[in-house]
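These numbers come from the heavy atoms of this one structure, side chains and all, not from hydrogens, waters or symmetry mates.
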Amino acid sequence: MTTFTAKRRTSNNSSENFIVTFITKQTPEILPPLVAIVAFLVIWQIFSLTGGTLPGPIQVVQDTWELIIYPFYDRGGIDKGLFWQVFASLQRVAISYTLAAIVGIGLGILIGVNSTMSKALDPLFQLLRTVPPLAWVPISLAALRQNEPAALFVIFITSLWPILINTAVGVKEIPVDYNNVAKVLQLSQKEYFFNVLIPAALPYIFTGLRISIGLAWLAIIAAEIVMSGIVGIGFFIWDAYQANKVSEVILALVYIGVVGLLLDKFMAWLQTRILPEQK
């Protein structure tokens with residue numbers, strides 16, 4: 001019995017030591033952003049109490065308490081909780097972003113390996129990539145005539161360029177030594193593609209993918225704001241603004257920021273899993 005008690009105490013001490021060690025190690029990482037967030041909220045609250053036109057964080061929580069604690073409600077139509085609004089937007093982003101990745105990587109490789117295609121298409125791509133997402137909305141609506149396909153196109157065309165350009169750069173930057181070795185070994189086109197080109201260009205491709213996911217999330221918000229009658233966080237913001245519900249707009253902005261951060265972190269995690277040497 002004494003031995004069992006001693007072992008249990010040792011186990012408890014080990015668990016406590018592990019928790020203390022973990023907290024000690026994580027404090028330098030967690031404390032600075034936590035202090036910054038608290039300071040921001042305090043400044044915001046003070047500003048709202050001294051004549052600011054926007055509601056403070058306390059007022060926002062009070063006004064949107066039902067939306068915060070019941071994000072899953074669904075009353076039909078566009079009257080849905082924030083979870084479903086964000087989910088609908090993420091579905092559109094997933095479809096268009098996947099298509100943009102396929103097209104962007106394919107065209108980027110083609111441009112990277114073919115100098116004639118690069119000279120012919122590069123000016124056109126450089127021109128189109130500078131067009132803001134909102135500028136594509138009327139064109140997409142005029143061409144496609146429906147809100148949903150138009151929103152998907154806006155996301156696709158906005159997120160395409162970083163993937164395409166970074167892929168092309170990655171292919172062009174393949175070291176000459178790699179190509180010389182491939183010629184000496186007489187690699188087939190298939191072997192060269194999978195064993196030389198893709199591994200060498202992959203860091204550049206991931207850079208484009210990571211930039212593109214942020215642009216895709218920005219584009220869906222812009223597209224949904226001006227396309228009425230579709231479920232999505234962008235339209236939710238516009239509808240709340242029209243009803244003068246500023247607190248709901250602010251809450252939706254928090255959702256947008258959190259989801260955007262998670263998407264970026266997910267792409268960074270995926271990159272470390274596929275390219276572990278870049279950890």
Side-chain angles (χ1 to χ4, degrees), residues 90 92-133 135-136 139-140 143-144 149-220 223 260 263-279:
L90 283 174
R92 296 186 184 101
V93 168
I95 294 171
S96 297
Y97 178 75
T98 301
L99 184 59
I102 295 171
V103 174
I105 293 173
L107 280 177
I109 292 174
L110 177 63
I111 293 171
V113 298
N114 191 314
S115 60
T116 303
M117 291 290 292
S118 177
K119 292 176 182 178
L121 297 178
D122 185 68
L124 178 62
F125 291 159
Q126 294 297 335
L127 174 68
L128 294 177
R129 76 180 183 88
T130 60
V131 178
W136 289 107
I139 298 296
S140 60
L144 300 174
L152 295 177
F153 174 78
V154 171
I155 306 165
F156 166 79
I157 200 68
T158 303
S159 57
L160 173 66
W161 311 118
I163 302 174
L164 190 156
I165 292 172
N166 278 276
T167 300
V169 171
V171 173
K172 292 177 181 178
E173 292 295 323
I174 295 176
V176 177
D177 291 344
Y178 287 16
N179 293 325
N180 291 337
V181 170
K183 291 177 182 178
V184 170
L185 297 177
Q186 297 183 340
L187 298 181
S188 65
Q189 289 186 348
K190 181 180 178 181
E191 290 173 329
Y192 174 78
F193 182 82
F194 287 105
N195 296 325
V196 178
L197 189 148
I198 291 297
L202 208 52
Y204 292 87
I205 293 174
F206 263 105
T207 299
L209 290 171
R210 192 169 178 183
I211 296 172
S212 183
I213 192 66
L215 292 177
W217 187 236
L218 292 176
I220 184 60
L263 289 175
D264 181 73
K265 294 297 184 183
F266 171 75
M267 290 304 300
W269 172 83
L270 187 62
Q271 182 174 356
T272 60
R273 298 297 297 177
I274 296 178
L275 300 172
E277 69 276 6
Q278 292 196 356
K279 284 184 181 179

statement: With sequence neighbours left out, the residues meeting side-chain contact (heavy atoms from CB on, under 4.5 Å) with Val131 are Ala135, Trp136
message: Show the nearest heavy-atom pair for residues Ile163 and Gly208, with the distance to one decimal.
response: CG1-O, 3.8 Å
- request: Determine the minimum heavy-atom distance between Ala100 and Leu160, stating which atoms define it.
  value: O-CD1, 3.6 Å
query: Who are the side-chain contact (heavy atoms from CB on, under 4.5 Å) partners of Pro149, not counting sequence neighbours?
result: Leu144, Gln146
query: How far apart are the closest heavy atoms of Ile174 and Ala200, and which atoms are they?
result: CG1-CB, 3.9 Å
query: How close do Ile165 and Arg129 get, heavy atom to heavy atom, and via which atoms?
result: CD1-CD, 3.2 Å
query: Does any non-hydrogen side-chain atom of Val113 lie less than 4.5 Å from one of Leu197?
result: yes
query: Side-chain contact, heavy-atom cut-off 4.5 Å: Trp217 with Ile213?
result: no
query: Tell me, which pairs form a salt bridge (charged side-chain N to carboxylate O under 4.0 Å, His left out) where one or both residues lie in residues 159-174, sequence neighbours left out?
result: none
message: Can you list everything that forms a side-chain hydrogen bond (donor to acceptor under 3.5 Å, both in side chains) with Asp122? Sequence neighbours excluded, please.
response: Gln126
message: Between Ser96 (side chain only) and Leu152 (backbone N and O only), is there a donor and an acceptor less than 3.5 Å apart?
response: yes
query: Would Leu164 and Val103 satisfy side chain to side chain contact (heavy atoms under 4.5 Å, CB included), going step by step from the backbone distance to the final call?
result: CA-CA 8 Å; Leu164 190 156; Val103 174; 5.9 Å; no
task: Quick one: pull up OG1 in Thr272 and CH2 in Trp269 and give me the separation to the nearest 0.5 Å.
output: 7.5 Å
task: Look at the side chain of Thr98 and the backbone N and O of Ala94, then say whether any donor-acceptor pair between them is shorter than 3.5 Å.
output: yes
query: Of the non-hydrogen atoms in Phe153 and Ser140, which two are nearest, and what is the gap between them?
result: CD2-CB, 3.6 Å
query: In Å and rounded to the nearest 0.5 Å, what is the CD1 to CD1 distance from Ile198 to Ile105?
result: 7.5 Å
query: What distance separates Gln271 CD from Leu202 CG, expressed to the nearest 0.5 Å?
result: 8.0 Å
task: Just grab all the side-chain hydrogen bond (donor to acceptor under 3.5 Å, both in side chains) pairs involving residues 158-169, residues at least two apart or on different chains.
output: none
query: Got a sec, which pairs hit salt bridge (charged side-chain N to carboxylate O under 4.0 Å, His left out) with one end in residues 193-217, sequence neighbours left out?
result: Arg210-Asp264
